[in-house]
Amino acid sequence: MAIRDIFLPALVGLSLIATLWGREALRDVPGGGGPRRPAQVSHLSFAEMAAPSGLHFTHQLAFPNPHAPRAVLEFNAIYPSVAVADLDGDGELDLVLTSPDQEVGVRIFQGSRSGRWQDVTRAWRLSAGDMVSRVIAADVNGDGRADLLMSRYGCHQVFVQVQRAGPPQFAEIPDAFGGVCSNAVGLNVGDLDGDSHLDVMLANYWFEDDLREKIPRTPRLRSTWLSQTGGQSQILWGDGTGKFRAAAEAHRSIAHLPRSYANNFSLFDVDADGRLDFYQANDYQFDRLVLNRPEGFIDVTDQYIPRRFHGLNGMNTDVGDWNGDGLLDLYVGNISAPPFMAYNNVLWTRSSEGGFFDASRSTGTGNCGWTWSGRWADFDNDSRLDLFVVNGRFRGRGATEAQAGSLWHARAMATDIPAFLRALDPSIDYPSTARRQLSSFQASCLFVQQDGGRFEDHARASGVTDLEDGYGVASLDFNHDGRMDLVVVNRAAPVMLYVNQTQQVGDWLGVELRNRAGRPATWGSLVELRGADGWKRVALAYPTNTFNSQSDPRLHFGLGDAKGPFEVEVQWRKGVREVFQLTHHNAYHRIQEGTGSSR
């Protein structure tokens with residue numbers, strides 16, 4: 001008997017078994033693992049006010065390949081994003097929201113002192129096209145006006161404000177990215193080379209395929225192997241005109257880093273040498289911590305963050321000093337969907353020896369379902385950082401919260417089948433989604449810090465009760481009352497505006513940084529606020545570090561029992577330190593570089 005006569009039937013049999021296994025896998029509880037330590041009552045109070053305040057926006061499902069089956073679309077639809085910034089310079093925060101389809105697309109909502117939002121996309125002449133994956137508002141040409149950078153599944157774009165009287169007008173810079181096209185999920189900006197011009201970082205999730213013609217293959221789940229079929233992340237260097245190019249010098253590139261399914265970059269100065277370093281959150285594999293050195297970008301993951309504690313499904317990273325020790329910590333969003341995926345979120349806490357240790361389980365912040373984005377903020381002004389987390393993968397057509405036929409186990413088992421077998425039947429990769437849900441209908445988490453460094457989930461008790469699939473969250477104080485509010489962008493659902501209406505809150509103090517030219521300086525400065533009794537808190541000015549979200553550029557400090565007068569020490573991006581005296585609290589203070597006392 002020929003070997004072919006034995007091998008071929010066996011191959012067909014294995015493929016059949018794999019198909020049946022993927023389609024008829026065991027059922028699990030919808031939503032997987034829930035948040036820990038839910039509070040029954042809360043001193044916090046939030047009210048969802050998007051529609052009543054004029055904020056009408058609904059994300060639509062879209063994918064570059066128009067011929068992709070419905071299941072492929074639902075698995076791989078491009079995510080929503082949000083950016084918060086004062087685009088027109090009137091002192092009020094505006095919102096930019098993205099949906100990848102042509103009908104909704106990218107919208108600008110102008111904020112007002114009355115708390116109402118108005119869609120001004122057409123009036124401000126923004127026409128961004130489709131397949132936008134993230135938007136960031138930043139001044140890329142140094143004229144003091146906020147411009148818009150957009151990553152796409154395709155060729156990326158920059159829109160600058162045209163100098164004219166009246167309302168802002170946006171015009172696209174032709175070939176702003178030097179012809180760079182990719183399938184980017186994550187986008188961030190920062191002055192990485194110290195030339196005072198913003199540079200761009202692209203977290204390219206998928207390989208450099210034209211997804212208008214192809215359907216991406218999912219990698220193996222629960223694998224510690226490098227995902228070499230993922231994208232190659234990139235840095236593009238800004239010249240101060242709004243254009244960005246790849247560096248000719250090899251040491252200024254990150255092409256030597258392994259390919260990965262990168263979701264997010266968070267930038268901060270890890271080793272206090274005055275250069276921006278970055279944490280890269282990766283799906284399906286280890287995250288990476290990379291130092292920015294004169295000789296190039298150096299992967300120091302093994303020295304700083306033990307790999308045995310990685311979540312292997314990194315989506316989000318936000319930076320904050322949660323325990324008040326003056327050191328910046330990282331909150332990384334992963335997946336918790338027991339029993340098939342229970343890596344949990346990771347709270348990388350900086351140790352005095354220089355590395356990081358995982359404090360997620362000891363603090364109660366490790367479990368919030370299928371996490372996408374998390375944001376540090378002090379919601380009750382008690383001077384301790386709290387944490388808001390959004391989650392949920394997706395629900396198919398007709399799926400309900402009580403639907404028992406979860407896709408989670410089916411997909412997890414199917415994607416552990418070798419790729420050459422999965423390629424024989426695409427339904428193994430993308431089983432039918434009709435009337436089924438994949439870790440959906442999950443409640444967001446509002447982790448409120450308690451005495452002793454433990455956190456309780458106050459989401460439902462405080463009024464955050466929606467069960468939409470939340471992908472991005474931005475914190476902002478849009479009504480300037482010192483209580484931090486939230487904008488949540490949801491997959492295939494309306495945007496939500498959670499207004500903080502908490503009555504019992506402490507005093508607060510806000511800081512708005514400006515450079516020597518009087519223009520916003522929000523990318524990497526470190527701010528320490530000190531009280532008269534030795535109390536102090538540290539915050540990083542970086543509103544774009546969270547997944548698909550840009551928050552209020554102003555820094556907000558809850559004061560709790562701290563007593564004034566207060567002083568602020570700012571470590572500007574170029575290493576210059578200045579101290580400023582603040583005479584009153586419960587207000588925002590504009591601080592300009594060069595006007596303080598040098599240190």
Side-chain angles (χ1 to χ4, degrees), residues 39 42-46 84 93 318-329 331 347 363 365 374-389 445-459 461-464 473-486 498-513 525-543 546 551-570 580 582-591:
S42 178
H43 61 288
L44 294 173
S45 177
F46 286 87
V84 177
L93 295 173
D318 194 27
V319 180
D321 176 19
W322 74 270
N323 55 4
D325 63 357
L327 304 174
L328 295 176
D329 312 304
Y331 187 76
L347 177 50
T363 58
T365 58
R375 178 68 177 169
W376 292 110
D378 185 353
F379 294 108
D380 52 8
N381 292 341
D382 68 350
S383 84
R384 297 179 294 195
L385 284 181
D386 310 306
L387 181 66
F388 191 86
V389 182
C445 299
L446 175 52
F447 291 120
V448 178
Q449 190 170 170
Q450 312 293 309
D451 293 337
R454 290 285 297 179
F455 289 77
E456 285 185 344
D457 178 20
H458 284 234
S462 66
V464 181
V473 56
S475 61
L476 74 166
D477 181 10
F478 77 95
N479 50 11
H480 315 289
D481 66 356
R483 295 175 291 186
M484 296 305 293
D485 313 300
L486 297 160
Y498 280 108
V499 180
N500 190 344
Q501 299 181 336
T502 305
Q503 296 302 309
Q504 296 180 351
V505 294
D507 290 336
W508 58 279
L509 189 148
V511 172
E512 180 183 358
L513 299 179
S525 295
L526 192 65
V527 176
E528 182 174 277
L529 178 67
R530 296 188 287 259
D533 56 357
W535 174 94
K536 65 180 180 179
R537 288 293 183 270
V538 170
L540 177 71
Y542 229 105
T546 45
S551 293
D552 193 329
R554 301 169 298 181
L555 294 175
H556 168 271
F557 294 88
L559 299 179
D561 297 327
K563 306 300 181 183
F566 295 94
E567 68 176 15
V568 170
E569 181 172 337
V570 181
F580 302 83
L582 304 182
T583 58
H584 57 283
H585 51 270
N586 292 335
Y588 286 98
H589 299 260
R590 180 171 291 183
I591 292 177

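- For the salt bridge (Lys or Arg N to Asp or Glu O under 4.0 Å) test, no residue two or more places apart in sequence or in another chain qualifies with D380.
- Looking at R384 and D451, a side-chain N of the basic residue comes within less than 4.0 Å of a carboxylate O on the acidic one, giving a salt bridge.
- N381 is listed as a side-chain neighbour of H556, based on a closest heavy-atom distance under 4.5 Å.
- Judged by distance alone, the side chain of D378 and the main-chain N or O of S383 form a donor-acceptor pair under 3.5 Å.
- For the pair L559/F566, a side-chain contact is recorded, criterion being any heavy-atom separation below 4.5 Å from C-beta on.
- In this structure, the separation between CD1 on I591 and CZ on R554 is 13.5 Å, given to the nearest 0.5 Å.
- Under the 4.5 Å side-chain criterion, counting only non-hydrogen atoms from C-beta, V319 is not in contact with D329.
- At least one test fails for R537 against the ring of F557: distance under 6.0 Å to the centre or angle within 45° of the axis.
- Listed by chain and number, the residues in a side-chain contact (heavy atoms from CB on, under 4.5 Å) with S42 are L44, H458, A461, S462 (sequence neighbours excluded).
- Proximity of a side-chain donor or acceptor of D386 to a complementary backbone N or O of Q449 within less than 3.5 Å is detected.
- Here the side chains of L347 and L387 are not in contact, with every heavy-atom distance at 4.5 Å or above.
- At a threshold of 4.5 Å between non-hydrogen side-chain atoms, the residues F455 and W322 count as touching.
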| task | Go through D481 and N500 one step at a time and tell me if the side chain to side chain contact (heavy atoms under 4.5 Å, CB included) criterion holds. | result | CA-CA 9 Å; D481 66 356; N500 190 344; over 6 Å; no

| said: K536 vs V538, test: side chain to side chain contact (heavy atoms under 4.5 Å, CB included). Steps then yes/no. | reply: CA-CA 7 Å; K536 65 180 180 179; V538 170; 5.8 Å; no

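- Note: H584 and H589 have tilted aromatic rings, judged against thresholds of 30 and 60 degrees for the angle between ring planes.
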| request: Might you work through the side chain to side chain contact (heavy atoms under 4.5 Å, CB included) test for D477 and D485, ending with a clear yes or no? | output: CA-CA 6 Å; D477 181 10; D485 313 300; 4.0 Å; yes

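- Outside the 6.0 Å centre-distance limit, the rings of F447 and W376 are not counted as a close aromatic pair.
- Contact check for M484 versus L486: no side-chain heavy atoms found under the 4.5 Å cut-off.
- A pairwise comparison of heavy atoms in W508 and H585 identifies O-CB, 3.4 Å as the closest pair.
- Shortest non-hydrogen contact noted between S475 and A377 is CB-CB, 4.4 Å.
- For the pair F379/L446, a side-chain contact is recorded, criterion being any heavy-atom separation below 4.5 Å from C-beta on.
- Residues W535 and D561 are not in side-chain contact: their nearest non-hydrogen atoms beyond the backbone lie 4.5 Å or more apart.
- At a threshold of 4.0 Å, the pair R530-E567 counts as salt-bridged, since one of the basic side-chain nitrogens sits closer than that to a carboxylate oxygen.
- More than 12 heavy atoms of other residues, nucleotides or ligands shown are found within 6.0 angstrom of CG on N586.
- Among all heavy-atom pairs drawn from L540 and L328, the shortest one is CB-CD1, 4.2 Å.
- Although no hydrogens or angles enter the test, the distance criterion places a donor-acceptor pair under 3.5 Å between the side chain of R483 and the main chain of T502.
- Every side-chain contact (heavy atoms from CB on, under 4.5 Å) that A541 has, sequence neighbours left out, goes to L513, S525, L555.
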| said: Set out, in order, the CA-CA distance, both residues' side-chain angles and the distance that settles side chain to side chain contact (heavy atoms under 4.5 Å, CB included) for V570 and L526, then state yes or no. | reply: CA-CA 6 Å; V570 181; L526 192 65; over 6 Å; no

